[in-house]
Amino acid sequence: ALPIYKNNFKKTSYNQPFIEQRADPYVYKHTDGMYYFTASVPEYNKIILRRSDTIEGLKEAEEHVLWRKHEKGPQSIHIWAPEIHYIYGGWYIYYAAGDAADIWEIRPYVLHCKGQNPLEDEWEELGMMQAADGDEFSFHAFSLDATVFQHKGEYYWVWAEKTGVGKQISNLYIAKLAAPNKLATVQVLLTTPDYAWEREGFWVNEGPAVLKHGDRIYMTFSASATGACYCMGLLYAHEDADLLDPHVWTKLKRPVLQTDTEKGIYGPGHNSFVKAEDGVTDLCIYHARQYDEIQGDSLYDPNRHAMIMKVNYDEKGFPVFSYDTMS
């Protein structure tokens with residue numbers, strides 16, 4: 001059994017979980033107003049889904065297992081960071097998985113629902129995500145944390161992939177989609193770990209999430225190793241810009257969400273965004289721990305909990321992430 005709490009963590013009004021032991025949380029609001037929740041489970045062995053007509057209802061909603069890992073070969077270990085999307089008229093889930101014979105052989109995969117009810121209808125494997133014709137780089141190395149967003153009638157796919165030798169670097173890349181399981185364009189580098197806060201433990205940019213507000217497209221991402229140093233950064237671009245041009249994206253020099261020892265929140269990151277029931281308020285769903293004393297590899301500590309906060313905006317229209325707006 002996986003423990004939920006450690007005895008020595010500081011309980012505050014800020015660090016109470018939205019959903020316990022669910023990391024890399026993703027919440028999607030469908031056109032019918034229903035909310036869908038999926039996330040990494042501590043065992044990294046399956047893909048789960050909850051549904052509710054309210055955000056709060058996701059806490060106690062029945063959890064369905066949609067898919068389980070293979071016994072051997074590709075997709076047999078490290079089932080990570082699923083995201084559910086309704087695109088091209090159907091339901092799709094993007095997730096990462098490794099091979100038990102080579103546990104860090106992480107690649108992105110795609111599931112497709114054969115019907116229109118993702119909780120009850122059958123899901124089929126579409127295999128590994130396919131690179132665009134002529135793309136000699138994408139998905140040849142450790143690749144994960146894919147998300148998709150629509151802008152001006154086109155779908156864009158953003159993911160993390162490692163490059164280099166020795167101490168490899170995890171960058172974020174963007175491309176357009178040709179189909180739910182294939183890219184239309186070659187990868188474009190969006191961001192690489194430039195600052196010290198992106199290089200603690202590992203040099204990492206991962207976990208992209210897109211938020212539209214005013215005339216800008218914002219993209220949060222997570223940085224550094226998965227312990228207390230894990231934090232969220234922010235990129236932004238103008239809505240009329242060519243989003244495949246890396247020069248139109250600006251990265252803030254400091255993280256927008258990080259560990260707060262006074263509030264008892266450690267290693268916040270890998271978030272998603274969703275509209276509240278009012279259709280106006282933006283919510284940030286992210287994971288964090290309630291303590292920083294981790295035995296062994298932080299990746300295998302089960303107590304990254306899904307948490308939620310309201311997103312505010314400053315006078316310039318930039319999102320403000322504050323634990324004081326915890327929901």
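Everything numeric here is computed off the predicted structure, so don't read it as measured data. Side chains included, hydrogens not; waters and symmetry mates left out as well; all remaining heavy atoms used.
- A salt bridge is defined here as a Lys NZ or Arg NE, NH1 or NH2 lying under 4.0 Å from an Asp or Glu carboxylate O, and Lys253 with Asp194 fails to meet this definition.
- Using a distance-only test at 3.5 Å, with no hydrogens or angles considered, no donor-acceptor pair links the side chain of Asn312 to the main chain of Val320.
- At most 12 non-hydrogen atoms from other residues, nucleotides or ligands lie less than 6.0 angstrom from NZ of Lys72.
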(Q) Set out, in order, the CA-CA distance, both residues' side-chain angles and the distance that settles side chain to side chain donor-acceptor pair (under 3.5 Å) for Glu161 and Asn171, then state yes or no. (A) CA-CA 6 Å; Glu161 184 161 353; Asn171 301 321; over 6 Å; no
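- Between the side chains of Asp135 and Ser138, at least one donor N or O lies within less than 3.5 Å of an accepting N or O.
- By the 4.0 Å N-to-carboxylate-O rule, Glu60 lies too far from Arg50 to be salt-bridged with it.
- Each of Trp67, Tyr88, Tyr92 was checked for a ring-ring contact (aromatic ring centres under 6.0 Å, His included) with His112, and the lone residue meeting it is Tyr92.
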(Q) Test side chain to side chain donor-acceptor pair (under 3.5 Å) on Asp278 and Thr281; report intermediate values, then the result. (A) CA-CA 7 Å; Asp278 62 10; Thr281 304; 2.7 Å; yes
Q: Report the C-alpha separation of Tyr313 and Asp282 in whole Å, then their side-chain angles, then the decisive distance to 0.1 Å, and conclude whether the side chain to side chain donor-acceptor pair (under 3.5 Å) test is met.
A: CA-CA 10 Å; Tyr313 294 91; Asp282 289 312; 2.6 Å; yes
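- The aromatic ring centres of Tyr323 and Tyr14 sit 6.0 Å or more apart.
- One side chain, Lys251 or Thr191, offers a donor N or O that lies under 3.5 Å from an acceptor on the other.
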Q: I would like to know whether Phe318 and Tyr236 meet ring pair (Phe, Tyr, Trp, His ring centres under 6.0 Å); could you show each step before the answer?
A: CA-CA 9 Å; Phe318 282 80; Tyr236 66 93; 4.9 Å; yes
Q | Step-by-step side chain to side chain donor-acceptor pair (under 3.5 Å) determination, Asp32 to His30 | A | CA-CA 5 Å; Asp32 61 2; His30 195 39; 5.0 Å; no
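- Of the possible polar contacts, none joining the Ser52 side chain to the Ala61 backbone as a donor-acceptor pair under 3.5 Å is found.
- Checking side-chain atoms of His78 against main-chain N and O of Tyr44 turns up no donor-acceptor pair under 3.5 Å.
- Put simply, OG1 on Thr226 and CG on Asp297 are 6.0 Å apart, with the number rounded to the nearest 0.5 Å.
- Between the side chains of Gln21 and His287, no donor N or O sits under 3.5 Å from an acceptor N or O.
- Side-chain atoms of Tyr109 and Arg107 form no donor-acceptor pair, as typed in the model, at a separation below 3.5 Å.
- Remark: Lys162 qualifies as a cation-pi partner of Phe142 under the 6.0 Å distance and 45° angle criteria applied to the six-membered ring.
- Tyr28 and Ile48 end up in different hydrophobic clusters when Ile, Leu, Val, Met, Phe, Trp and Tyr side chains are linked at under 4.5 Å.
- Using modelled atom types and a 3.5 Å distance limit, the side chains of Gln75 and Tyr95 yield a donor-acceptor pair.
- Put simply, the side chain of Thr220 never gets that close to the backbone of Leu234: no donor and acceptor are under 3.5 Å apart.
- Checked by atom type and distance alone, the side chain of Ser222 pairs as donor or acceptor with a backbone atom of His270 at under 3.5 Å.
- In this structure a side-chain-to-backbone donor-acceptor pair under 3.5 Å is present from Thr259 to Gly267.
- Each of Trp91, Tyr155, Tyr36 was checked for a ring-ring contact (aromatic ring centres under 6.0 Å, His included) with Tyr86, and the lone residue meeting it is Trp91.
- Under a 3.5 Å cut-off, the side chain of Ser170 and the backbone N or O of Asn205 do form a donor-acceptor pair.
- Formation of a donor-acceptor pair under 3.5 Å by the Asn15 side chain with backbone atoms of Lys10 is found in this model.
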Q: Go through the steps for Phe139 and Trp157 under the test ring pair (Phe, Tyr, Trp, His ring centres under 6.0 Å), then give the verdict.
A: CA-CA 13 Å; Phe139 319 134; Trp157 214 70; 5.8 Å; yes
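- A distance-only check finds no donor-acceptor pair linking the side chain of Gln168 to the backbone of Val165 [under 3.5 Å].
- Separating the CG atom in Leu257 from the CD1 atom in Ile265 is a distance of 7.5 Å, to the nearest 0.5 Å.
- Few gaps surround NZ on Lys167; more than 12 heavy atoms of other groups in view lie less than 6.0 Å from it.
- With respect to the salt-bridge test (charged N to carboxylate O, under 4.0 angstrom), the residues Glu56 and Lys59 qualify.
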Q | Residues His151, Lys212; criterion side chain to side chain contact (heavy atoms under 4.5 Å, CB included); working and verdict | A | CA-CA 10 Å; His151 187 60; Lys212 295 181 179 181; 3.3 Å; yes
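- Side-chain atoms of Ser224 come within 3.5 Å of backbone atoms of Trp197 as a donor-acceptor pair (strictly under, hydrogens ignored).
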